[in-house]
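The structure appears below as structure tokens.
Only this structure's heavy atoms are used, side chains among them; waters, hydrogens and symmetry mates stay out. When a ligand or atom number is given, it counts from 1 through the structure's own listing order.
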Amino acid sequence: MSRIYLSAPDVRGREEQYVLEAIRSNWVAPLGPALDQFEREIAARCGVSFAVGLSSGTAALHLALVTAGIGPGDIVLVPTLTFVPTANVVRYVGAEPVFIDVDETSWNLSAPLLAEELDATAKKGARVSAVMAVDLYGQCADYDAIVPLAASHGALLVEDAAEALGATRSGNRAGSFGDVAALSFNGNKIITTSGGGMLLTDRHEVAEHARKLATQAREPAPHYEHAEIGYNYRLSNLLAAFGRAQLETLEDRIKRRTSIREAYRSLLDRYDGVDMMPTAVGSAPNAWLTCIVVDPGRAGTSAEALRVHLEDHNVESRPIWKPMHRQPLFAGARARLDGTADKIFDQGLCLPSGSGMTDAELEEVLSLIDKHLERATTSKAGRT
Ligand SMILES: Cc1ncc(COP(=O)(O)O)c(C=O)c1O
């Protein structure tokens, strides 16, 4: 069997047609009507007023901070369990990232620890300028608690919804919780533009500023006039055309990934010491990646042993994001931790979850996991 990937691109709709239409219309240089439409469609899907198509989710996170004027001297709180761009953009603007641990119920920013850090910072006479919340692995953070906390401390709330398009929490949609939010259309995401992202906001002035900054910050003049530093960050019309076709099948993608998750769940329910990433109350994830934790004491095996076993059979699985406070890049950064992210990292694994995975491929992965866990259980029983 050929390699089974963690989350391969799934091209199944009108991608070719829409890209061809964009090429034939000559809107290739690089903005155009497909981008305008894609922005409107994503804004509507996420329940926000404005969307700005960008070259990556990282660019969207970066502009979220730049448009808020965040820079040197500012403190930005970041969940430690995330992919590095969430933290990198804080450094891009010269601000200080402070890492906060995550909660066990959703693996996202812990609201109690966030409250502690906001209060502790205020007591020192300082102020947190922004809070980044991440909707990890397609599940929204605890915004019922996080939104009022950020607001009461006058901190900008940036929602990193890179992985969570289509997820909801308390009936609201991923991308609509932050003052500004970022989506990613990177190749492994639930929909892709091959590479791309979007900044979402209800604030007209933020959207307009981001649009300007993303196109070299040209001032309105017939000549090239620049009063602030700009970037070349816009998503191209061709890629937006591709993204529009992907978006049309978002609901099917969520359904497929959810059914893959349920198949893993029914298998893993039979084994002690192997648990699924939890789904918080009121949360409807998009099931982007199915993640598990393996407790070696109970399961008789480890996440790493399972990963190696799958790899030996040409199946890709991946460790959970390594927490930011353990990255050499952020050595010495301040952090408020309770050990949750460390434990998730030490015991966690992301399983193949792509919506393009065939039933036969899924069966193959399930059977490989089953065999590995069965063997571990038997040899553990032999030892006791
Ligand atoms: C949590 C998170 N934040 C940010 C990003 C950055 O998105 P991009 O790769 O589009 O720059 C990603 C995905 O790659 C991500 O998973």
Discussion item. Let's go through F38 and F185 carefully: what are the C-alpha distance in whole Å and the side-chain angles of both, what is the deciding distance for ring-ring contact (aromatic ring centres under 6.0 Å, His included) to 0.1 Å, and is it a yes or a no?
Written reply: CA-CA 12 Å; F38 190 40; F185 308 125; 5.2 Å; yes
If the cut-off is 4.0 Å to any non-hydrogen atom of [X], which atoms of ligand 1 fall inside it?
X    : answer
G196 : 10 (O)
P85  : 4 (C), 5 (C), 6 (C)
A162 : 2 (C), 3 (N), 4 (C), 5 (C), 12 (C), 15 (C)
E163 : 1 (C), 2 (C), 15 (C), 16 (O)

Worksheet item: When you measure from the centre of the six-membered ring of Y18, is the NZ or CZ of R244 under 6.0 Å away and within 45° of the axis?
Response: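 Checked: cation-pi criterion met.
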Discussion item. Within 45 degrees of the ring normal and closer than 6.0 Å to the centroid, is that where the cationic atom of R169 sits relative to Y143?
Written reply: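 No, a cation-pi geometry is absent between R169 and Y143.
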Item to complete: Name the orientation class of the two ring planes belonging to F83 and W321 (parallel below 30°, tilted from 30 to 60°, perpendicular beyond 60°).
Response: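 If you compare the ring of F83 with that of W321, the planes turn out parallel.
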Worksheet item: Hey, is G197 one of the residues with a heavy atom under 4.0 angstrom from ligand 1?
Response: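 False for this residue.
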Practice prompt. Check L156, D74, V98, L77 against V128 for a side-chain contact (heavy atoms from CB on, under 4.5 Å) and give me the one that passes.
Written response: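 Of L156, D74, V98, L77, side-chain contact (heavy atoms from CB on, under 4.5 Å) with V128 is met by L77 alone.
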Looking at ligand 1, does any of its N/O atoms fall within less than 3.5 Å of an N/O of [X]?
X    : answer
G57  : yes
W321 : no
T58  : yes

List the closest protein heavy-atom neighbour of [atom]: residue, atom name, distance to the nearest 0.1 Å.
atom                    : result
atom 14 (O) of ligand 1 : K189 NZ, 3.0 Å
atom 9 (O) of ligand 1  : N186 ND2, 3.5 Å
atom 3 (N) of ligand 1  : D160 OD2, 2.7 Å

Discussion item. Could you check, using the six-membered ring where one of them is a Trp, whether H325 and F330 have ring centers closer than 6.0 angstrom?
Written reply: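 No; F330 has its ring centre 6.0 Å or more from that of H325.
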Discussion item. Assigning hydrophobic clusters by single linkage (Ile, Leu, Val, Met, Phe, Trp, Tyr; side-chain heavy-atom cutoff under 4.5 Å), is L366 placed with I260?
Written reply: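 Shared cluster, yes.
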Practice prompt. Find out if a path of hydrophobic residues (ILVMFWY) with successive side-chain heavy-atom gaps under 4.5 Å connects L20 to F242.
Written response: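 No; tracing contacts between hydrophobic side chains, which count when under 4.5 Å, never links both residues.
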